[in-house]
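First the proteins, then the strands, lettered A, B, ... as listed; each starts at 1.
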Amino acid sequence: MRFSQMLIPTLKEAPSDARVPSHVLLVRAGYIRQVAAGIFSLLPLGMRVVHRIERIVRQELNRAGAMEVLLPMVHPAPLWQESGRWQVYGPQLLRLRDRKEFEFALAPTAEEAIVALVRDDVRSYRRLPLNLYQIQDKFRDEDRPRAGLMRGREFIMKDGYSFHVDEEDARREYQNMYDTYTRIFRRCGLDFRAVEADTGNIGGSLSHEFQVLADTGEDSIVSCDACDYAANVEKAVLRRQVGEPPDTSATPPCSPVHTPGVGRIEEVAAFLQTEPQRLLKTLLYIADGKPVAALLRGDRQLNEAKFRTLLGASQLDPASDAQVRQLSGAEVGFAGPVGLAVPLYADLEVVEMGPAFCGANRTDYHLQDVVFGRDYQAQVADLRVAAAGDPCGRCERGRYRHHRGIEVGHVFFLGTRYSEPMRCEFLDREGRLRPMVMGCYGIGITRVVAAAVEQNHDEHGIRWPMALAPFHVILVTAGLEPGIGEMARRIYDDLQVRGVDVLYDDRDERPGVKFKDADLIGIPVRITVGRKALSDGMVEVRRRDGKLDTRVPLQEVASVVSSMVQRELEMGVAGA
RNA sequence: CGGGGCGUAGCGCAGUCCGGUAGCGCGCCUGCUUUGGGAGCAGGAUGUCGGAGGUUCAAAUCCUCUCGCCCCGACCA
């Protein structure tokens with residue numbers, strides 16, 4: 001492709017509404033343009049990157065036995081009413097009406113549509129298992145779209161669904177997809193982790209997110225420094241016993257302290273001239289209509305998902321200010337476990353705290369020297385959000401490291417959440433009607449684009465991994481001598497014959513402009529044919545990642561570069 | 001949903017307080033020169049000043065309403 005003929009509108013200045021590197025660079029380098037909040041157009045370069053990703057995804061999924069389909073993007077409301085999600089999904093589901101006032105939704109995901117398809121045409125165990133996927137635009141009317149392609153409202157997603165005769169087979173396929181995703185992201189050249197994830201309200205136990213590691217990621221994940229356990233902090237379990245509970249036999253009885261007007265943890269700690277770690281935090285919640293309290297060390301966060309699971313509650317909300325006043329008998333900020341007539345649940349760490357400060361259930365007062373087991377009792381459980389340094393819950397000695405991640409893939413064991421209400425059933429060997437057991441598997445294609453840039457850029461621009469780059473090589477001419485163009489065209493043809501995708505910058509621009517654009521656009525290999533090439537027959541080969549900057553004889557450059565490209569493309573395909 | 005910020009040429013911005021009929025840089029077009037890290041000179045094109053209503057002789061500027069975009073928060077007692 002010739003640069004002069006391609007639409008690559010690069011910008012010297014960043015658009016003012018972009019904050020994160022991927023957004024800034026993808027706009028500046030001419031890959032995307034914003035159309036509305038969270039809605040983007042893909043320009044030719046952006047489209048090429050998307051195609052690269054899609055190709056890898058298709059190859060690996062097809063290889064793993066999945067089949068591609070294309071479902072509609074506009075779903076009739078009754079479909080969603082059948083699964084119950086029309087009521088449950090909320091404002092993220094964009095609803096619309098046609099001219100006859102019939103209601104539709106723009107698909108944010110396609111469980112309903114795929115189930116409707118399969119249940120009508122698959123009635124026998126002989127036709128199972130099935131794994132169907134599509135690559136298609138999705139729409140989610142996000143509360144707050146942000147960070148460019150990272151959290152858009154409209155985005156391209158690969159969504160796949162599998163159907164099985166029983167749970168065992170569904171789990172086998174789950175593993176198959178897990179392995180396939182690992183291959184896909186490895187081939188994309190991304191630094192990622194597969195982490196255990198919270199299954200949310202769908203239930204079930206199996207769920208992994210594929211997280212690309214990047215500081216700008218929205219998700220928080222932890223990985224063990226001793227074993228291979230890694231999980232989203234929403235999910236990460238903690239080791240029960242870490243140290244011995246401190247000896248509190250000499251601790252004086254607890255006593256009130258006057259703390260006028262200080263109710264927030266930091267304020268209380270500052271007022272008492274101590275650390276938040278010495279404070280005991282009491283959080284009042286309403287679980288299915290009944291009050292409960294969670295106790296945590298002052299600097300810790302409650303993991304509501306863990307709490308809800310522990311309680312077996314379907315609804316769990318923080319108590320309102322009025323409820324807090326009524327339950328604790330004090331203003332908000334002065335609740336404590338001592339004498340509180342509410343079921344108490346203490347995080348593992350609370351046991352090991354030693355004498356602590358906590359609210360006195362009396363406005364403007366706290367208690368000091370409060371000891372677990374002596375001054376109050378509570379059920380002890382893993383309740384907090386895992387953080388860096390916390391003890392791994394899967395092995396005996398590991399500690400957690402913390403990372404930020406961008407969720408680019410998610411595999412999920414669904415069970416019969418959809419097949420049951422929507423009656424997606426089959427006849428088994430014995431002639432009995434049974435619901436199919438399902439799994440679902442997603443990859444955010446456009447989010448992979450953003451994640452790759454977040455992970456691979458510098459102050460000059462993008463640095464694509466070879467597998468995702470819109471072109472493998474950019475060929476730049478520097479100088480106006482007629483011989484230079486001729487040489488470049490020969491190299492261009494030679495590379496194309498060898499299957500290398502080349503962007504030939506034939507523009508009538510000064511070399512500086514071409515170099516700046518090449519760096520910004522981020523193509524992995526740059527070949528420069530300049531005046532020097534005319535004199536000594538050498539051209540420059542330089543890698544965008546800085547790993548190579550050398551000169552190669554004109555005659556050899558095509559073979560040298562094409563094998564470099566091939567080698568790199570094959571790196572992730574090992575075992576294929 | 002709560003709070004904050006911003007909408008002026010394709011992009012980045014000034015002008016708004018204090019009303020007088022729109023400007024700068026980049027980009028774009030033409031010509032000449034230039035050609036290894038975002039060239040120089042000369043000439044040129046480009047605006048419903050987000051929209052609607054109001055005040056006024058006169059509105060980018062003041063008032064009211066509205067739309068859009070960005071950021072922070074939306075459990076932490």
Using the 3.5 Å cut-off, write out each protein N or O paired with an N or O of nucleotides 3-10 of chain B and the distance between them.
none

For nucleotides 31-35 of chain B, give me every protein contact, N/O to N/O, under 3.5 Å, one pair per line with atom names.
residue : atom : partner  : partner atom : Å
B/rU34  : O2   : A/Arg510 : NH1          : 2.7

Dump the pairs, protein N or O against N or O of nucleotides 72-77 of chain B, anything under 3.5 Å, distances to one decimal.
residue : atom : partner  : partner atom : Å
B/rC72  : OP2  : A/Arg144 : NH1          : 3.1
B/rC72  : OP2  : A/Arg144 : NH2          : 2.9
B/rC75  : O2   : A/Tyr285 : OH           : 3.0
B/rC76  : O2'  : A/Lys281 : NZ           : 3.3
B/rC76  : O2   : A/Lys281 : NZ           : 3.1
B/rC76  : N3   : A/Gln301 : NE2          : 3.0
B/rC76  : N4   : A/Gln301 : NE2          : 2.7
B/rA77  : OP1  : A/Arg264 : NH2          : 2.7
B/rA77  : O3'  : A/Gly263 : O            : 3.1
B/rA77  : N6   : A/Leu284 : O            : 2.7

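At a threshold of 4.0 Å, the pair A/Glu103-A/Arg95 does not count as salt-bridged, since none of the basic side-chain nitrogens sits closer than that to a carboxylate oxygen.
A/Arg404 and A/Thr216 form no side-chain donor-acceptor contact under 3.5 Å, judged by distance and modelled atom types alone.
Computed from coordinates, the A/Lys516 NZ to B/rC26 C1' distance equals 15 Å when rounded to whole Å. What separates CZ of A/Arg151 from C1' of B/rC71 is a distance of 16 Å, to the nearest Å. Distance CD1 (A/Ile521) to P (B/rG37): 18 Å, rounded to an integer number of Å. Look at CG on A/Asp505: it is 13 Å from C1' on B/rG36, rounded to the nearest Å. As rounded to whole Å, 13 Å separates atom P of B/rC70 from atom CD of A/Glu142. Atom pair A/Asp141:CG and B/rG68:C1' shows a separation of 15 Å (rounding to whole Å applied). Taking atom CZ of residue A/Arg542 and atom P of nucleotide B/rG37, one finds them 11 Å apart after rounding to whole Å. Atoms CG (A/Leu475) and P (B/rG36) sit 17 Å apart, rounded to a whole Å.
Taking the P atom of each, B/rC49 and B/rG10 are spaced 13 Å apart, rounded to whole Å. Here, B/rG43 and B/rU48 have their P atoms 27 Å apart, quoted to the whole Å. Taking atom P on both B/rU46 and B/rC24, the two are 14 Å apart, rounded to the nearest angstrom. Here the separation of B/rU8 from B/rA60, taken at their C1' atoms, is 7 Å to the nearest Å. Of the P atoms belonging to B/rC72 and B/rU30, the separation is 43 Å, rounded to the nearest Å. For B/rU61 and B/rC70, the C1' atoms lie 24 Å apart once the distance is rounded to whole Å. Taking atom C1' on both nucleotides, B/rA42 is separated from B/rU34 by 15 Å, rounded to a whole Å. Spacing between B/rA22 and B/rC63 at atom P, rounded to whole Å, works out to 23 Å.
Within the structure, ring-ring contact (aromatic ring centres under 6.0 Å, His included) contacts touching residues 288-326 of chain A (residues at least two apart or in different chains) are A/Tyr285-A/Phe307, A/Phe307-A/Tyr345. Counting only residues at least two apart or on different chains, the ring-ring contact (aromatic ring centres under 6.0 Å, His included) pairs with a member in residues 364-389 of chain A are A/His258-A/Tyr365, A/Phe334-A/His366, A/Phe372-A/Tyr376.
A/Thr282 approaches A/Ala293 most closely through the heavy-atom pair CG2-CB, 4.3 Å.
Under the 6.0 Å distance and 45° angle rule, A/Arg489 does not count as a cation-pi partner of A/Tyr504. Seen from the ring of A/Phe471, A/Arg48 counts as a face-on cation partner, given the 6.0 Å and 45° thresholds.
Near-neighbour residues of RNA chain B inside residues 17-29 of chain A, defined by a heavy atom below 4.0 Å, number-ordered: A/Asp17, A/Arg19, A/Arg28.
The nearest heavy atom of RNA chain B to A/Ala14 and to A/Lys514 marks one nucleotide each, and the one closer to the 5' end goes with A/Ala14.
Base-pair partner of B/rC69: B/rG5 (Watson-Crick or G-U wobble, both distances under 3.5 Å). Remark: B/rG47 base-pairs with no nucleotide; criterion is Watson-Crick or G-U wobble with both hydrogen-bond distances under 3.5 Å. Pair assignment for B/rU21 gives none, since no Watson-Crick or G-U wobble pairing has each distance under 3.5 Å. Pairing partner, B/rC32: B/rG40, with both Watson-Crick or wobble hydrogen-bond distances short of 3.5 Å.
A distance-only check finds a donor-acceptor pair linking the side chain of A/Asp382 to the backbone of A/Leu238 [under 3.5 Å]. Proximity of a side-chain donor or acceptor of A/Arg28 to a complementary backbone N or O of A/Ala14 within less than 3.5 Å is not detected. Between the A/Lys281 side chain and the A/Arg300 main chain, a donor and an acceptor come within less than 3.5 Å of each other. For the pair A/Asp517 (side chain) and A/Leu520 (backbone), a donor-acceptor distance under 3.5 Å is absent. Listed for the A/His403 side chain is no donor-acceptor partner under 3.5 Å among the backbone atoms of A/Leu213. Looking only at distances, a side-chain donor or acceptor of A/Glu454 sits under 3.5 Å from a matching main-chain atom of A/Ser22.
Among the heavy atoms of the strands, none lies under 4.0 Å from A/Arg297. At the heavy-atom level, A/Glu540 lies under 4.0 Å from base atoms of the strands shown. A/Leu279 comes within contact range of no nucleotide atom at all, as no heavy-atom separation falls under 4.0 Å.
With A/Arg463 as the fixed residue, the salt bridge (Lys or Arg N to Asp or Glu O under 4.0 Å) test singles out one of A/Asp458, A/Asp545, A/Asp519: A/Asp458.
For A/Glu13 against B/rG25, a side-chain-to-base donor-acceptor contact under 3.5 Å is present.
Taking only side-chain nitrogens and oxygens, A/Ser16 never comes nearer than 4.0 Å to OP1 or OP2 of B/rC11. A/Lys12 has a side-chain polar atom (N or O) that falls below the 4.0 Å cut-off from OP1 or OP2 of B/rG27.
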*Taking it one step at a time, do A/Tyr31 and A/Trp464 satisfy ring pair (Phe, Tyr, Trp, His ring centres under 6.0 Å)?*
CA-CA 13 Å; A/Tyr31 287 79; A/Trp464 290 110; 5.6 Å; yes

*Verify side-chain hydrogen bond (donor to acceptor under 3.5 Å, both in side chains) between A/Asn232 and A/Glu196, making sure each step is shown before the conclusion.*
CA-CA 6 Å; A/Asn232 194 304; A/Glu196 289 189 12; over 6 Å; no

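The nucleotide whose nearest atom lies closest to any side-chain atom of A/Thr528 is, among B/rG37, B/rC70, B/rG36, B/rG36.
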